[in-house]
Amino acid sequence: MILKIVSFIFLFTLVQGKKLNCNHENALVSFKRPTYDFSVRLLDRVSRDTRFHFVFSPLSTWLQLMSLAEGARGPTQTEIWQVTRYHRMKCFRRKFREILNSMDEELKFMTKRTNFIVIDKLLSVKESFKTEVNKTNTTKIISLNFNNREEAVAKINEAIDMDDIGGQFDSDDFNLTVLLMSDTASFKSDWWKPFNPVFTSTEKFYSEENVILGNVRMMNQEDYFNLTEVPFINARVLELPFNTNDRLCMLVFLPTGGTVVDLFYKLKNIRLSTIFNLFKVKGTKFVKVEMPRFKITSELQNIPELIYDMGVKRMFYPELADFGGISDYPVYASIMTQIADIEVTEQEARASVVPAPIIRRPKHSIPFTANRPFAFLIVDRFTESILFGGMYSHPSI
Ligand SMILES: *[C@@H]1O[C@H](CO)[C@@H](O)[C@H](O)[C@H]1NC(C)=O
Ligand SMILES: *[C@@H]1O[C@H](CO)[C@@H](O)[C@H](O)[C@H]1NC(C)=O
Ligand SMILES: *[C@@H]1O[C@H](CO)[C@@H](O)[C@H](O)[C@H]1NC(C)=O
Ligand SMILES: *[C@@H]1O[C@H](CO)[C@@H](O)[C@H](O)[C@H]1NC(C)=O
């Protein structure tokens, strides 16, 4: 009898020990769900704030909060933990960063990110915090003299260094500010199956009430794609792979019957693997894809408001914020902005006026016509993370 119990306990400890083994695989498993949940919740809020026309990188905000949490203490830290469901073991957090960084490394020819925390020089930021953030290899800490506003602004705008993106700080942003976080991200890539520009034509774009909103340059092609209906979110989802070793793709969501307005809200009910499993089960289909060329640049300045709504509150109050890990002086967060940019084209790199060789095609193709508001996600299949999400609902040529 006794022996049995002992062996049971022994086994239990073994399992526990195995569970806590800090390796890439376990780190990935323990972060997939939290990053996904956080991403779709934030995208839902951003979509309402931008009148359903935007591009945003929720993962960047999540990573910024993780960096801040390293310097937060007490209830300020607990709030960030609760919202990001950030892993309490440092080793797991590092491993997960490594996974994301290796993804960045692999994809750097198509994504560009700059991420920094700017702190007033007078606050004497703790070395331990600088070291911890530096270990992430992604977020830069810049100490500046905020009393000299003009110079601080010039330095920050230089650090953003995004040629195509015109987002600039203003010296008014520095009134009373001691900590500022900024993040810029842009994405440009070739499709795995490019559209032929010869077939691109000007078409009408409709509202969800079938009212003509304007014109778009509609790209189109017929080929085999993953396409499935996803019941829990009332949408059809099309996968457009990018030209990158099977990792990155754009998922395009067209509501069936319902509206695009609550699409990100409904995504809470599923996971990305739900969609990929449906693709697997249904197999690829011969689809006639029609989608507008588009370019969206979004500058979101009210991230504090959005994450405040999600439950991260204390860090914005001078009298409540506890960033004892950053500085002994009272520090609170005031500005978090993100500028994101996406451009979707037929694929200039391979644009060709010669029609593609005729492939053997079935008589009927299934139409997937994005001529009304749609949502999109750019996802990494391997980590199941959402790099960018957005919506398109205001047509332009
Ligand atoms: C940061 O870079 C160093 C050296 O390049 C590497 O050893 C380390 O694992 C990286 N850390 C992360 C979190 O990616
Ligand atoms: C941060 O890391 C970079 C290399 O990635 C190094 O050049 C720099 O000195 C480090 N800064 C601090 C404060 O450790
Ligand atoms: C910032 O401060 C300057 C003067 O110090 C003032 O003119 C300006 O109105 C302030 N801006 C804001 C947004 O408070
Ligand atoms: C379709 O989805 C399956 C399962 O997720 C995947 O293995 C396959 O590469 C995808 N094919 C295309 C053409 O996107």
Side-chain angles (χ1 to χ4, degrees), residues 22-28 30-32 35-36 59-60 62-67 69-70 86-87 89-108 111 113-117 128-141 189-195 221-230 236-253 270-289 291 347 356 359-362 365-366 368 376-386:
C22 174
N23 57 29
H24 269 62
E25 211 169 60
N26 290 342
L28 190 54
S30 59
F31 275 102
K32 265 183 189 172
T35 50
Y36 177 80
L59 188 64
S60 297
W62 192 80
L63 288 172
Q64 279 188 322
L65 285 175
M66 269 181 71
S67 295
E70 301 290 354
Y86 152 106
H87 206 289
M89 282 177 66
K90 198 178 254 180
C91 168
F92 271 76
R93 304 201 298 264
R94 286 225 185 107
K95 283 275 177 252
F96 189 64
R97 284 274 193 183
E98 278 172 28
I99 293 167
L100 291 178
N101 288 351
S102 66
M103 170 176 83
D104 270 0
E105 194 54 35
E106 212 172 303
L107 306 174
K108 75 174 171 206
T111 63
R113 275 203 263 171
T114 17
N115 206 326
F116 54 82
I117 301 178
S128 54
F129 180 68
K130 284 190 191 166
T131 314
E132 202 49 51
V133 170
N134 206 21
K135 276 187 196 142
T136 65
N137 295 353
T138 47
T139 305
K140 286 193 186 70
I141 295 190
S189 167
D190 290 353
W191 298 115
W192 179 54
K193 292 177 178 170
F195 292 83
Q221 67 166 306
E222 277 183 314
D223 211 320
Y224 288 91
F225 288 102
N226 277 326
L227 172 67
T228 183
E229 206 149 308
V230 183
R236 292 163 79 213
V237 184
L238 173 79
E239 175 181 8
L240 295 173
F242 290 107
N243 210 357
T244 51
N245 46 27
D246 299 338
R247 276 189 77 157
L248 280 199
C249 64
M250 180 186 272
L251 298 175
V252 187
F253 298 77
I270 64 167
R271 305 177 68 158
L272 287 177
S273 54
T274 315
I275 297 173
F276 293 132
N277 287 337
L278 281 167
F279 285 157
K280 203 181 216 160
V281 171
K282 305 260 169 98
T284 57
K285 301 193 173 82
F286 194 68
V287 186
K288 179 169 170 62
V289 180
M291 191 169 84
Q347 174 168 310
I359 46 173
R360 196 186 301 181
R361 48 188 73 204
S365 54
I366 305 168
F368 184 89
F376 59 87
L377 294 179
I378 293 175
V379 303
D380 174 39
R381 270 178 169 269
F382 176 62
T383 56
E384 286 178 28
S385 47
I386 299 176

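Atoms within each ligand, like the ligands themselves, are counted from 1 in listed order.
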So Val281 and Thr228, do their side chains get closer than 4.5 Å, heavy atoms only? no
Check each atom of ligand 1 against the heavy atoms of Arg97 and keep those under 4.0 Å away; list them by number with element. 13 (C)
I'd like to check Phe368 versus Arg236 (side-chain heavy atoms, cut-off strictly below 4.5 Å). Are they in contact? yes
Distance filter under 4.0 Å to Asn101 heavy atoms, resulting ligand 1 atoms: 12 (C), 13 (C), 14 (O)
Looking at side-chain heavy atoms only, is the closest gap between Phe382 and Ser102 below 4.5 Å? no
Residue, atom name and distance, where the atom is the protein heavy atom closest to atom 10 (C) of ligand 1: Asn137 ND2, 2.6 Å
Atoms in ligand 1 flagged as close to Glu98, the criterion being non-hydrogen separation under 4.0 Å: 9 (O), 12 (C), 13 (C), 14 (O)
Should Phe225 and Trp191 be marked as a ring pair (Phe, Tyr, Trp, His ring centres under 6.0 Å) after you check the CA-CA gap, both sets of side-chain angles, and the distance that decides it? CA-CA 12 Å; Phe225 288 102; Trp191 298 115; 9.0 Å; no
Ligand-residue contact atoms, ligand 4 with Phe279, heavy atoms, under 4.0 Å: 2 (O)
Whether Phe31 and Phe96 hold their rings parallel, tilted or perpendicular, with breakpoints at 30° and 60°: parallel
For atom 12 (C) of ligand 4, which candidate among Leu278, Asn277, Asn226 holds the nearest heavy atom? Asn226
Could you tell me, atom by atom, which parts of ligand 1 come under 4.0 Å of a heavy atom of Lys135? 11 (N), 12 (C), 13 (C)
Taking C-beta and beyond as the side chain, do Gln64 and Thr139 meet within less than 4.5 Å on heavy atoms? no
Flag atom 14 (O) of ligand 4 as yes if some protein heavy-atom distance to it falls below 4.0 Å, otherwise no. yes
Taking both backbone and side-chain atoms of Arg381, is any N or O found less than 3.5 Å from an N or O belonging to ligand 4? yes
Tyr224 side chain near Val287 side chain, heavy-atom distance below 4.5 Å: no
Which ligand 4 atoms does Glu239 reach within 4.0 Å, using its non-hydrogen atoms? 1 (C), 2 (O), 10 (C), 14 (O)
For Pro241, the ligand 4 atoms with a heavy-atom partner under 4.0 Å come out as 14 (O)
Short question: side chain of Glu132, backbone of Glu70 - any donor-acceptor pair under 3.5 Å? no
Using a 3.5 Å cut-off on N or O atoms only, is Arg94 in polar contact with ligand 1? no
Answer yes or no for atom 5 (O) of ligand 4: protein heavy atom present at a distance under 4.0 Å? yes
Trp192 heavy atoms within 4.0 Å reach ligand 4 at atoms 13 (C)
Any Phe253 side-chain heavy atom under 4.5 Å of Val230 side chain: no
